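To keep things clear, I will list the structure first and then write my remarks on it.
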Amino acid sequence: MKIFKLSPRILALSAALAAISAVVQLVHIGYQSPTWGMWIDLVAVTWIIAFFLFGLRSSIAVSITGALIITIFDPSTWLGASMKFIATAPLYLSLYLYLRLYKKKLQYYDKPFHLLIPTFIGLIIRSLIVLPLNYFYAIPIWTGMDPIKAIAAIPWFVIVGFNIVQGILDISLAWILVFRFRLSRYADWNNE
C-alpha cells in the first residue's frame with residue numbers, strides 16, 4: 001500500500017528519530033510525580049518532530065518503532081510504551097486531519113497560532129482516551145489496583161492534567177526544534 005511507503009531518506013531520518021525517542025526513554029529524561037507515579041517526559045517529542053518534517057506516515061513509523069524499541073530494550077516499560085503511543089496518536093492525527101480539512105501543507109504550522117485549534121482538539125481526544133485506559137488498563141496492570149479503587153485513589157483531573165501538560169510539551173518542543181532551531185531544513189516539504 002502506498003500509505004506505508006517512505007523514501008529511503010525519510011526512512012533513515014525516521015529511524016534516527018525513533019532511536020532518539022528510545023534513548024530518551026531509556027535514560028528517562030523527564031519528571032515523575034512522586035505521588036501519582038506519572039511521567040512528563042520527552043519520549044514523544046521526536047514523534048511530533050517526524051510529523052512536522054515528513055507528515056503522518058513518518059510520525060506513525062517513528063512512534064511504532066520507538067515504542068517497539070523501548071519495549072525490547074526495557075521490557076518493564078511495555079505498558080508505558082503502549083500508553084505513550086495511544087496517548088500521542090490523537091495529537092499528530094488531529095494535526096494531520098486539520099491540514100486535510102483546510103487543504104493546507106505542513107509548512108502551515110510554521111506559525112504557532114495555527115497549532116491552537118488542532119492541538120486543543122487533539123488534547124480533548126487524548127484526554128477522552130487516556131482516562132478510561134488508565135483506570136481500566138494501565139493502573140490495574142501497573143499497581144494491581146482494581147478500577148474502582150483506582151478511580152477513588154487517583155482523581156480524573158490528575159490524569160487529564162498530566163496528559164494535557166505532556167501533550168502541550170510534546171507539540172511545543174517539537175515545534176520549537178523544527179521551526180525555530182531550523183530542523184525544517186531537513187523537511188520533506190522544504191525540498192519540493
Side-chain angles (χ1 to χ4, degrees), residues 3-4 10 14 17-18 20-21 24-25 29-31 33 36 38-68 70 79-138 154-181 183-184 187-189:
I3 193 166
F4 295 110
I10 294 174
S14 296
L17 289 169
I20 292 168
S21 170
V24 169
Q25 169 65 37
I29 298 171
Y31 166 78
S33 165
W36 312 109
M38 291 183 252
W39 278 88
I40 302 289
D41 57 31
L42 305 176
V43 173
V45 171
T46 57
W47 304 1
I48 304 296
I49 288 172
F51 174 80
F52 285 143
L53 294 177
F54 311 118
L56 183 63
R57 287 180 278 173
S58 174
S59 191
I60 291 170
V62 170
S63 58
I64 289 172
T65 305
L68 288 173
I70 290 165
L79 180 60
S82 67
M83 287 297 290
K84 180 65 75 175
F85 176 78
I86 292 166
T88 306
L91 296 176
Y92 56 73
L93 287 171
S94 68
L95 291 168
Y96 171 75
L97 292 172
Y98 190 80
L99 289 178
R100 292 291 301 236
L101 181 65
Y102 291 101
K103 297 177 177 38
K104 303 287 184 187
K105 302 284 185 191
L106 283 167
Q107 304 93 298
Y108 178 73
Y109 289 132
D110 69 344
K111 306 251 185 306
F113 177 78
H114 294 158
L115 291 168
L116 293 178
I117 293 171
T119 299
F120 181 73
I121 292 167
L123 291 172
I124 289 172
I125 295 168
R126 176 182 178 132
S127 297
L128 291 172
I129 291 171
V130 299
L131 198 55
L133 273 179
N134 269 283
Y135 286 137
F136 295 97
Y137 169 67
I154 304 173
W156 68 269
F157 55 85
V158 171
I159 294 170
V160 170
F162 264 84
N163 276 279
I164 287 172
V165 169
Q166 181 68 70
I168 291 171
L169 176 71
D170 291 341
I171 289 178
S172 300
L173 191 52
W175 183 88
I176 289 168
L177 291 168
V178 170
F179 294 105
R180 288 296 173 255
F181 283 86
L183 284 179
S184 59
D188 197 35
W189 47 265

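Since the model is a prediction, treat every value here as computed from it, not as a measurement.
Here L133 contributes atom CG and L128 contributes atom CG; the two are 11.5 Å apart, rounded to the nearest 0.5 Å. The OH atom of Y109 sits 8.5 Å away from atom CD1 of I171, with the distance rounded to the nearest 0.5 Å. Rounding to the nearest 0.5 Å gives a distance of 13.5 Å between NZ of K103 and OH of Y108. Between the CH2 atom of W175 and the CG atom of D110 there is a distance of 8.0 Å, given to the nearest 0.5 Å. Here the CG-CD distance, from L42 to Q166, works out to 7.5 Å after rounding to the nearest 0.5 Å. One distance of note links OG of S14 with CD1 of I49; it measures 11.5 Å at 0.5 Å rounding.
Here the closest non-hydrogen pair linking W47 and A67 is CZ2-N, 4.2 Å. Of all heavy-atom pairs between V160 and S127, the closest is CG1-OG, 3.6 Å. Across all their heavy atoms, I29 and D41 have their closest contact at O-CB, 3.3 Å. Of all non-hydrogen atoms in L123 and G167, the two that sit nearest each other are CD2-CA, 3.8 Å. Residues T46 and V62 come closest through the heavy atom pair O-CG1, 4.0 Å. Closest of all the heavy-atom pairs between P90 and I125 is CB-CG2, 3.7 Å.
Taking the six-membered ring for Trp and the full ring otherwise, the centers of Y102 and Y98 sit less than 6.0 Å from each other.
Y137 and S82 share a donor-acceptor pair across their side chains, judged by distance under 3.5 Å alone.
The environment of CD1 in I117 is sparse: at most 12 heavy-atom neighbours from other residues, nucleotides or ligands sit within 6.0 Å. Counted within 6.0 Å of CZ on F136, heavy atoms from surrounding residues, nucleotides or ligands total more than 12; the atom is thus considered enclosed.
Proximity of a side-chain donor or acceptor of S94 to a complementary backbone N or O of L91 within less than 3.5 Å is detected. The backbone N or O of V43 lies less than 3.5 Å from a partner atom in the side chain of S21, making a donor-acceptor pair. Within the 3.5 Å criterion, the main-chain N or O of L169 finds no donor-acceptor partner in the side chain of S172.
For the pair V158 and M38, the minimum side-chain heavy-atom distance is below 4.5 Å. Using a 4.5 Å heavy-atom threshold, the side chains of F51 and L106 count as touching. Within the 4.5 Å cutoff, the side chain of Y135 has heavy atoms near those of the I159 side chain. Considering only heavy atoms from C-beta on, L17 stays 4.5 Å or farther from T65 through its side chain. Between I164 and R126, the closest side-chain pair of non-hydrogen atoms is not below 4.5 Å.
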Practice task
Give the C-alpha distance, both sets of side-chain angles, the deciding distance and a yes or no for side-chain contact (heavy atoms from CB on, under 4.5 Å) between I48 and T88.
Solution key: CA-CA 8 Å; I48 304 296; T88 306; 4.0 Å; yes
Practice task
Check step by step if ring-ring contact (aromatic ring centres under 6.0 Å, His included) holds for F52 and F179.
Solution key: CA-CA 9 Å; F52 285 143; F179 294 105; 5.5 Å; yes
